[in-house]
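Below: the structure, in structure tokens.
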Amino acid sequence: MADGKKIFIVEDENRIARFLQMELEHEGFETETESNGSRAYERIIQGDFDLVLLDVMLPDMDGLTICKKVRELSDVPIIMLTARDDVNDKVQGLDIGADDYVTKPFAIPELFARMRVALRKHTAPEHSGETSNGEELKLKNLTMNIARHEVMVGDVLVELTKKEFDLLEYLIRNKRSVLTRDQILSQVWGYDYMGDTNVVDVYIRYLRAKLDDKFNEKYIHTMRGVGYVVKD
């Protein structure tokens, strides 16, 4: 997994930072650390890191702000580290572009598993070759242009976050198939999720507010006790 990859540990608790550094270097990673949020942001955008482990609570600039600002300039993999185990916090972190969200205390094997997935996602193409040719997906009067990352309902452009777009794309690519929450988490978030699956329900609500409710059309159906499905 390591292959000399450089991991940036942004953590203001020295004990945790040093523990992570030792574990990662034991696995063959190169590491650098930073405890100050503002300095961390500057180092991320100027550096050449393969992945960032980013604590949420930091002095000068918090982790969520750092993630949001970095995403304006870079797609470097970011895994948020936090002591706050709240679904809304997780949704906020993922929504602004974090690849994953790990709650302290965490097991090192779990963290390594999530790092492997994040690194794979950023070294492999996200879509097939069709994407560069302007692949479009359709559902009723809705059209997704994958290359342009656009969703149109009729002639109205719908603004979606990256995770909302990815979720809708996965649902449409599996049109008429009932998808469980675990399947959605695994495919859209890119790992076998360990914990609360409510994040899927939160994002489904977001999509319904922007699609079903706004356009008075039923795109996403709930199969009680099973999961979700989209149908023409």
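In this chain, numbering begins with 1 at the start of the sequence shown.
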Met22 reachable from Ile79 in the ILVMFWY side-chain graph, under 4.5 Å edges: no
Closest non-hydrogen atom pair, Leu53 against Leu24: CD1-CD1, 4.0 Å
Aromatic ring proximity, centroids under 6.0 angstrom, His149 and Phe165: yes
Atom pair OH/CG of Tyr170 and Leu137 - distance to nearest 0.5 Å: 14.0 Å
same_hphob_cluster(Ile220, Val178) at 4.5 Å side-chain heavy-atom cutoff: no
Cationic N near anionic O, under 4.0 Å, Arg173 to Glu135: yes
Lys/Arg-Asp/Glu bridge criterion (N-O < 4.0 Å) met for Asp99, Arg114: no
Main-chain N/O of Gly97 paired to Arg71 side chain as donor or acceptor, under 3.5 Å: yes
Single-linkage hydrophobic cluster Leu160~Val156, side-chain heavy atoms < 4.5 angstrom: yes
Intermediate values then yes/no, side-chain hydrogen bond (donor to acceptor under 3.5 Å, both in side chains), Tyr203 and Asn198: CA-CA 9 Å; Tyr203 272 90; Asn198 285 346; over 6 Å; no
Cluster check Val226, Val188: I/L/V/M/F/W/Y, side chain < 4.5 angstrom: no
Met223, CE: over 12 other non-hydrogen atoms inside 6.0 angstrom: no
Residues Lys162 and Asp166 bridged, charged N to O under 4.0 Å: yes
Flag, side chain of Lys175 to backbone of Lys138, donor-acceptor distance under 3.5 Å: yes
Residue pair Ser74 / Val76: nearest heavy atoms and the distance that separates them: OG-N, 3.0 Å
Option passing side-chain contact (heavy atoms from CB on, under 4.5 Å) with Ile44 (candidates Ile78, Val70, Leu73): Val70
For Leu20 against Leu81, the heavy-atom pair lying closest together: CD1-CD1, 4.0 Å
Reported NZ-to-CG distance for the pair Lys218 and Asn216, which is rounded to 0.5 angstrom: 11.0 Å
Salt bridge Glu164-Lys210, side-chain N to carboxylate O under 4.0 Å: yes
Exceeds 12 heavy-atom contacts within 6.0 angstrom, atom CE of Met152: yes
With Asp48 via salt bridge (Lys or Arg N to Asp or Glu O under 4.0 Å) - residues at least two apart: none
Rounded distance [0.5 Å steps], CD1 in Ile184 versus CG in Leu179: 5.5 Å
Verdict with reasoning, Tyr219 to Val153, per side chain to side chain contact (heavy atoms under 4.5 Å, CB included): CA-CA 11 Å; Tyr219 296 100; Val153 174; 3.5 Å; yes
Derivation of the side chain to side chain contact (heavy atoms under 4.5 Å, CB included) call for Gln21 and Ile9: CA-CA 8 Å; Gln21 192 171 25; Ile9 303 165; 4.0 Å; yes
Reported CZ-to-CD distance for the pair Arg39 and Glu34, which is rounded to 0.5 angstrom: 4.5 Å
Check: Thr143/Glu136 side-chain N/O donor and acceptor closer than 3.5 Å: no
Side chain to side chain contact (heavy atoms under 4.5 Å, CB included) evaluation trace for Leu64 with Met80: CA-CA 8 Å; Leu64 292 173; Met80 308 295 295; 3.9 Å; yes
Minimum side-chain heavy-atom gap Leu167-Ile204 below 4.5 Å: yes
Test: Lys6 cationic atom under 6.0 Å from Phe29 six-membered ring centre, within 45° of axis: no
Side chain to side chain contact (heavy atoms under 4.5 Å, CB included) between Glu169 and Leu171, worked out: CA-CA 5 Å; Glu169 179 185 354; Leu171 291 170; over 6 Å; no
Exercise: do Asn36 and Tyr41 side chains pair donor with acceptor under 3.5 Å: no
Heavy-atom side-chain proximity of Leu142 to Phe215 below 4.5 angstrom: no
Pairwise side-chain contact, Lys140 with Val230, heavy-atom cut-off 4.5 Å (strictly under): no
May I have the list of side-chain donor-acceptor pairs in residues 10-17 shorter than 3.5 Å, sequence neighbours left out?
| unit_1 | atom_1 | unit_2 | atom_2 | d |
| --- | --- | --- | --- | --- |
| Glu11 | OE1 | Lys104 | NZ | 2.9 |
| Glu11 | OE2 | Glu13 | N | 2.9 |

Pair Arg181 + Asp201, salt bridge at N-O below 4.0 Å: yes
Between CG on residue Asn141 and CD on residue Glu217, distance to nearest 0.5 Å: 6.0 Å
Expected output: side-chain Thr222 to main-chain Arg224 donor-acceptor under 3.5 Å: no
Asp95 and Tyr206 side chains, donor-acceptor separation under 3.5 Å: no
Nearest non-hydrogen partners of Gln183 and Thr180, listed with the distance: OE1-N, 2.8 Å
Check: Thr65 main-chain N/O paired with Asp62 side-chain donor or acceptor under 3.5 Å: yes
Short N-O contact, Glu32 and Arg43, less than 4.0 angstrom: yes
CG on Asp100 to CE on Met115, rounded to 0.5 Å: 11.0 Å
Closest non-hydrogen atom pair between Cys67 and Ala98, with its separation: SG-N, 3.6 Å
Taking every non-hydrogen atom, the tightest pair across Ile45 and Glu42: CG1-O, 3.3 Å
Non-hydrogen side-chain atoms of Met61 and Lys69 separated by less than 4.5 Å: yes
Within one Ile-Leu-Val-Met-Phe-Trp-Tyr cluster: Val200 and Val229, side-chain cutoff 4.5 Å: no
Within 6.0 Å of NZ in Lys68, more than 12 heavy atoms from elsewhere: no
